[in-house]
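Take a look at the structure set out below.
Remember, it's a predicted structure, so these values are computed and weren't measured experimentally. Atoms considered below: every heavy atom in the structure, side chains included; atoms not considered: hydrogens, waters and symmetry mates.
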Amino acid sequence: MRLNARRLRQLLVCVGCLVLPGILARHVGLSEASGVVTMACLGVLVTCARLGWRQAMGGSVALALLSALALLSQHAVVPATTLLALTAALLGLAGRWQQQPSFWLLMVSLVMLITDMPVPQRLAAETGARLSVLLMLSCSLTTLAQSRLGTWAPAADPAAITVQHSWRRSAAYGLMLAATTTITTPIALSHHWHTMGFWMILSPFLVLRPHTRDGWKPALHRALGTIAGVLLVHGLALALLPETLLKILAIVLGTGCALTALKKGHPALFVLLLTMTTVLFNSDTTTLLLMANERLQSNAIGIAIALGVMVLAEPLERRLAQRRLG
């Protein structure tokens with residue numbers, strides 16, 4: 001009974017942290033940013049549960065600052081590409097402590113801002129400032145709720161983070177992430193692909209690993225999870241469900257996505273739930289089918305680019321390893 005009560009409390013924390021951002025966004029006149037803020041809170045929730053509240057707050061501050069820069073740079077390809085590439089490189093360095101799976105979810109919001117939330121250039125500075133405040137407020141409340149009420153806690157002391165990879169390995173990983181971002185971002189922005197570009201940019205982050213040989217299985221899981229998620233979204237579109245029900249379903253699926261991430265469940269299941277959650281949060285009944293199809297196409301392109309980078313990097317990685325052994 002006690003175990004069920006603990007699970008119920010964590011479930012309620014997840015639901016609350018996914019519902020509140022949309023309410024706050026509409027209250028401050030940024031309803032178009034509700035999906036961005038909700039996904040940010042999902043990332044902070046997972047980061048807090050996996051790594052602790054300090055890392056969650058650090059990620060929140062970084063995202064709030066980067067969000068303003070993202071809105072200012074979304075009208076120019078070079079600044080936007082530079083911003084995302086530098087962020088990707090820093091995310092790669094977080095692989096030294098194996099923290100990138102948690103912080104990656106915060107990258108989702110940043111890419112969404114640049115590709116899928118167009119803001120008039122004359123309003124970019126004002127909207128960026130308001131969005132930064134909204135993100136900090138929502139992410140801080142999420143961190144507080146998870147750290148005080150959530151039943152999932154980091155397995156180890158957050159202050160005692162163990163090193164998983166060398167600086168050289170982490171830097172090479174960051175370089176691979178930055179390279180794929182430098183390829184995908186100009187394509188997405190130049191062709192105004194919006195949602196399709198959003199998923200194309202993000203796909204390599206779910207595929208690439210610090211060791212290139214470890215990326216082939218995640219690529220398979222990513223592909224299977226995406227295909228399954230798109231097929232299920234097709235089913236929802238054909239069912240002609242009302243929009244209110246679709247938003248409720250998005251919250252339910254987002255909660256499942258958070259719990260799967262916390263439990264470190266199967267990667268294909270996580271991708272399936274993430275696919276359905278993001279499509280439902282960023283579409284309505286008229287665009288649901290289009291979003292699902294774009295999701296499938298963009299993932300295919302993103303995965304192909306990631307695999308291409310892996311093919312080029314693997315011989316170099318093997319040669320460097322042999323040199324160190326020799």
- Item | side chain to side chain contact (heavy atoms under 4.5 Å, CB included) between Leu288 and Leu246, intermediate numbers included | CA-CA 10 Å; Leu288 188 58; Leu246 289 177; 4.1 Å; yes
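- Within the model, atoms CG of Leu91 and OG of Ser170 stand 11.0 Å from one another, a figure rounded to the nearest 0.5 Å.
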- After noting the C-alpha distance and the side-chain angles of Leu177 and Tyr173, does the key distance pass the side chain to side chain contact (heavy atoms under 4.5 Å, CB included) rule? CA-CA 6 Å; Leu177 291 177; Tyr173 179 47; 3.8 Å; yes
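- Of all heavy-atom pairs between His234 and Leu289, the closest is ND1-CD1, 3.2 Å.
- If you chain together hydrophobic residues whose side chains sit under 4.5 Å apart, Leu189 and Met200 never meet in one group.
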- Could you give me the CA-CA distance, side-chain angles and deciding distance for Leu113 and Leu131, then say whether side chain to side chain contact (heavy atoms under 4.5 Å, CB included) is met? CA-CA 10 Å; Leu113 281 174; Leu131 181 61; 3.3 Å; yes
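- Gln55 has its side chain out of reach of Cys48: every pair of non-hydrogen atoms, C-beta onward, lies at least 4.5 Å apart.
- Without hydrogens or angle criteria, Ser31 side chain to Arg26 main chain gives no donor-acceptor distance under 3.5 Å.
- No side-chain heavy atom of Ile251 sits under 4.5 Å from any side-chain heavy atom of Lys247.
- Put simply, the side chain of Glu294 does not reach to within 4.5 Å of the side chain of His194, judged on heavy atoms.
- Val271 and Ile227 fall into different hydrophobic clusters, where Ile, Leu, Val, Met, Phe, Trp and Tyr residues are linked whenever their side-chain heavy atoms come under 4.5 Å apart, directly or through other members.
- Transitive grouping of hydrophobic side chains (ILVMFWY, heavy atoms separated by less than 4.5 Å) brings Met39 and Leu137 into a common cluster.
- Within the 4.5 Å cutoff, side-chain heavy atoms of Trp152 are placed close to those of Leu259.
- Scanning all heavy atoms of the two residues, the minimum distance from Gly43 to Leu105 falls at CA-CB, 3.5 Å.
- With a 6.0 Å radius and a threshold of 12 heavy atoms from other residues, nucleotides or ligands, Glu243 has its CD atom above the threshold.
- Hydrophobic cluster membership is shared by Leu202 and Leu307, with clusters built from Ile, Leu, Val, Met, Phe, Trp and Tyr side chains linked at under 4.5 angstrom.
- Counting only heavy atoms from C-beta outward, the side chains of Trp216 and Leu220 never approach each other to under 4.5 Å.
- A donor-acceptor contact shorter than 3.5 Å links the side chain of Asn299 to the backbone of Arg295.
- Between Arg9 and Leu149 the shortest heavy-atom distance is NE-O, 2.9 Å.
- Between Pro210 and Arg169 the shortest heavy-atom distance is O-CD, 3.1 Å.
- Between Gln10 and Gln146, the side chains place a donor N or O and an acceptor N or O closer than 3.5 Å (distance only, hydrogens not considered).
- The shortest distance between side-chain heavy atoms of Leu63 and Ser60 does not fall below 4.5 Å.
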- Query: Which is it for Met176 and Thr180 under the side chain to side chain contact (heavy atoms under 4.5 Å, CB included) test, yes or no, and what are the steps along the way?
  - Reply: CA-CA 6 Å; Met176 285 197 298; Thr180 58; 5.8 Å; no
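- Annotation: side chain of Val119 is in contact with side chain of Met117 (closest heavy-atom distance under 4.5 Å).
- Judged by distance alone, the side chain of His191 and the main-chain N or O of Ile187 form a donor-acceptor pair under 3.5 Å.
- Side-chain atoms of Ser109 come within 3.5 Å of backbone N or O of Val36 as a donor-acceptor pair.
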Please list every donor-acceptor pair under 3.5 Å in which a side-chain atom of residues 80-90 meets a protein atom from a residue at least two apart or in another chain.
from  : atom 1 : to    : atom 2 : distance (Å)
Thr81 : OG1    : Val77 : O      : 2.7
Thr82 : OG1    : Val78 : O      : 2.8
Thr87 : OG1    : Leu83 : O      : 2.8

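- Using a 4.5 Å heavy-atom threshold, the side chains of Phe198 and Ser298 count as separate.
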- Thr151 vs Arg7, side-chain hydrogen bond (donor to acceptor under 3.5 Å, both in side chains): CA-CA, chis, key distance, verdict: CA-CA 7 Å; Thr151 57; Arg7 287 180 177 176; over 6 Å; no
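- Side-chain contact of Ser203 with Arg222: a donor-acceptor pair under 3.5 Å is present, judged by distance alone.
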